[in-house]
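Before any comments, here is the structure.
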Amino acid sequence: MIIKDISLKAADYQMVHKITSSNFTHNIRNSWIIKIIDNDGIIGYGEASPLPFFNIESFEASGYCLEGFKLAVNDINEEISLEELLILSNVHTLDSPSATFAIQTALYDLVSKKNNKSLSSFINPNSLSQVKSNGIYNLTSLDAYKVIKLKCGFRNLYDEIELLDNLVQQTNSDIEFILDLNQAYDLPKAIRFLKEIDRFNIRYVEQPLEYNQLEDLEELRYHSDIPIALDESITDIDSINKTLDNNAADVFILKPQSIGSFQKLDQAIEVIKNNNKKAVITSSLEGAIGRFCTMHLVAANHITTTCGLALEKIYKHENNIFPDIENGIINISDQTGLGIY
């Protein structure tokens with residue numbers, strides 16, 4: 001293909017409902033939108049939205065990397081393959097995984113549109129036609145899901161238990177919970193917390209200790225049958241291998257905005273599965289472009305467990321572009337590309 005133009009735009013998103021965790025309150029999100037147009041007028045969109053307190057790069061740094069890729073490719077006025085463009089995306093975004101993710105999202109969006117396929121079916125012709133998502137307390141609706149994620153660790157322990165009791169009564173006894181502690185506890189507090197919540201239907205507890213406390217995380221797993229999931233600890237293949245060496249987690253949560261390239265995401269999933277652990281892909285609560293791409297990556301990589309996709313209107317500017325969700329199940333549209341533009 002021949003790239004005709006690349007443009008960048010910074011965007012600010014205001015949340016419909018702010019979300020609070022143990023270490024931050026999230027109500028505004030900053031994103032870079034990259035738009036790639038080929039000589040046939042087909043447009044691909046991508047989004048870089050590094051998550052504060054999580055991603056290794058700043059919002060400004062991701063913008064510089066996107067600008068570098070734009071300048072490099074805009075000077076190419078001849079045929080260039082998708083593979084060559086992916087290599088260039090990696091070269092110009094070495095320390096900015098969110099920028100890598102944005103560029104590769106835009107490229108795959110464009111090329112899958114050229115081939116009249118959805119993004120997931122272009123990547124993998126045998127991709128899933130349905131994926132599963134959890135709801136998020138105080139952010140998405142709850143009645144459309146069988147699994148609900150709660151941010152915990154900033155309330156009094158008894159208030160946490162009371163909230164879980166109330167949610168069971170409001171929903172039904174079959175509801176499952178994901179409890180995200182965002183590194184709130186030390187080992188003794190985490191042990192007590194797991195004992196107190198043992199009577200609830202807990203799918204897993206996410207990042208109970210600081211990201212680098214792998215030995216304590218291994219110790220914690222011996223004190224409860226509730227699975228331990230890691231999020232902030234998992235940023236690349238090296239961190240996955242370190243976690244596996246310490247046997248510190250049952251579930252590995254992968255955020256494409258943090259992993260970066262689609263190829264690295266594939267490698268990460270393979271390593272996790274080969275070690276008989278569970279891989280989950282979640283969004284970083286970025287805008288719709290990033291969240292839709294995350295959905296397609298779940299389908300393309302055959303992740304059959306419940307993932308955190310947040311495919312509802314969570315920002316005030318968003319229109320009614322989101323799929324219907326029933327019992328946490330999302331049907332992948334056959335629209336080309338991402339399916340939103």
Side-chain angles (χ1 to χ4, degrees), residues 1 11 13 16 29 31 33-38 40-49 82 101-136 139-147 149 254-257 262 265-266 269 279-341:
M1 66 181 138
Y13 305 145
V16 176
R29 196 61 186 275
S31 283
I33 306 302
I34 183 169
K35 180 179 174 181
I36 302 178
I37 308 174
D38 76 353
D40 294 321
I42 299 174
I43 304 173
Y45 293 90
E47 179 175 26
S49 189
L82 173 62
F101 175 63
I103 295 167
Q104 296 197 2
T105 299
L107 291 172
Y108 276 102
D109 185 33
L110 192 160
V111 175
S112 56
K113 286 173 179 173
K114 287 180 74 72
N115 286 271
N116 200 32
K117 293 182 178 180
S118 70
L119 192 149
S120 51
S121 63
F122 175 78
I123 294 175
N124 179 1
N126 296 313
S127 63
L128 299 175
S129 60
Q130 294 180 331
V131 296
K132 298 176 185 176
S133 179
N134 60 260
I136 304 172
L139 188 65
T140 67
S141 61
L142 300 185
D143 55 0
Y145 301 93
K146 288 186 173 182
V147 182
K149 179 174 178 175
L254 306 173
K255 283 182 162 57
Q257 290 278 0
F262 289 17
L265 183 65
D266 293 345
I269 293 167
V280 171
I281 300 176
T282 71
S283 76
S284 299
L285 298 183
E286 63 268 60
I289 294 170
R291 279 142 60 208
F292 267 78
C293 185
T294 301
M295 174 191 71
H296 283 286
L297 290 173
V298 170
N301 285 282
H302 274 250
I303 304 296
T304 57
T305 193
T306 300
C307 295
L309 302 178
L311 281 173
E312 294 188 32
K313 178 182 171 69
I314 64 172
Y315 294 104
K316 291 182 178 180
H317 73 282
E318 291 177 333
N319 299 319
N320 187 25
I321 58 174
F322 299 100
D324 293 331
I325 302 172
E326 185 175 351
N327 292 324
I329 295 174
I330 300 171
N331 292 312
I332 304 295
S333 168
D334 58 3
Q335 294 183 63
T336 62
L338 290 167
I340 51 177
Y341 294 110

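We use all heavy atoms of the structure for the numbers below, so side chains are in, but hydrogens, waters and symmetry mates are not.
- For the side chain to side chain donor-acceptor pair (under 3.5 Å) test with Ser31, the passing option among Gln257, Glu286, Glu47 is Glu47; the others fail.
- Using modelled atom types, one side-chain atom of Asn124 and one backbone atom of Ala300 make a donor-acceptor pair closer than 3.5 Å.
- Interatomic distance, CE of Met295 versus CG of Leu119, reported as 9.0 Å (0.5 Å rounding).
- Side-chain atoms of Gln130 never come within 3.5 Å of backbone atoms of Ile329 as a donor-acceptor pair (strictly under, hydrogens ignored).
- In this structure, the separation between CZ on Phe292 and OH on Tyr341 is 9.5 Å, given to the nearest 0.5 Å.
- Atom-to-atom distance recorded for Thr282:OG1 and Leu254:CG is 8.0 Å, nearest 0.5 angstrom.
- Using a distance-only test at 3.5 Å, with no hydrogens or angles considered, a donor-acceptor pair links the side chain of Arg29 to the main chain of Leu285.
- In this structure, Ser112 and Gly337 approach most closely via the heavy-atom pair OG-CA, 3.2 Å.
- Phe122 contributes atom CZ, which lies 5.0 Å from atom CG of Asn115 (distance to the nearest 0.5 angstrom).
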Self-check item: Evaluation steps, side chain to side chain contact (heavy atoms under 4.5 Å, CB included), between Ile325 and Glu312
Solution: CA-CA 9 Å; Ile325 302 172; Glu312 294 188 32; 4.3 Å; yes

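- Taking every heavy atom of both residues into account, Thr140 and Ala310 meet most closely at CG2-CA, 4.5 Å.
- A donor-acceptor contact shorter than 3.5 Å links the side chain of His296 to the backbone of Leu338.
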Practice problem: For side chain to side chain contact (heavy atoms under 4.5 Å, CB included), just list the numbers for Asn327 and Tyr145, CA-CA rounded to whole Å, side-chain angles, deciding distance to a tenth of an Å, and then say yes or no. | Solution: CA-CA 5 Å; Asn327 292 324; Tyr145 301 93; over 6 Å; no

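- Residue Thr305 holds its OG1 atom at 7.0 Å from NZ of Lys132, rounded to the nearest 0.5 Å.
- A 6.0 Å sphere centred on NZ of Lys113 holds more than 12 heavy atoms belonging to other residues, nucleotides or ligands.
- Two residues are said to be in side-chain contact when any heavy atoms from C-beta on lie closer than 4.5 Å; Asn134 and Leu309 fail this criterion.
- A distance-only check finds a donor-acceptor pair linking the side chain of Ser333 to the backbone of Gln335 [under 3.5 Å].
- Side chain of Asp38 to backbone of Asp40: a donor-acceptor contact under 3.5 angstrom is found.
- Leu128 and Thr304 get closest at one heavy-atom pair: CD1-CG2, 4.2 Å.
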Practice problem: Just do the side chain to side chain contact (heavy atoms under 4.5 Å, CB included) check on Ile340 and Ile289 with the steps written out, would you? | Solution: CA-CA 8 Å; Ile340 51 177; Ile289 294 170; 4.0 Å; yes

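- Under the 3.5 Å distance criterion, with hydrogens and angles disregarded, no donor-acceptor pair is assigned to the side chains of Lys255 and Ser284.
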Practice problem: Please assess Glu326 against Lys146 for the test salt bridge (charged side-chain N to carboxylate O under 4.0 Å, His left out), listing each intermediate value before the final yes or no. | Solution: CA-CA 9 Å; Glu326 185 175 351; Lys146 288 186 173 182; over 6 Å; no

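- Ring-plane geometry between His317 and Tyr13 is classed as parallel, the angle between the planes falling under 30 degrees on a 0 to 90 degree scale with a further cut at 60.
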Quiz item: Given the rule in the side chain to side chain contact (heavy atoms under 4.5 Å, CB included) test, do Cys293 and Phe101 qualify, once you have shown the distances and angles that lead to the verdict?
Solution: CA-CA 9 Å; Cys293 185; Phe101 175 63; 3.7 Å; yes

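- Looking only at distances, a side-chain donor or acceptor of Ser118 sits under 3.5 Å from a matching main-chain atom of Ser121.
- To the nearest 0.5 angstrom, Ser129 atom OG is 12.5 Å from Ile330 atom CD1.
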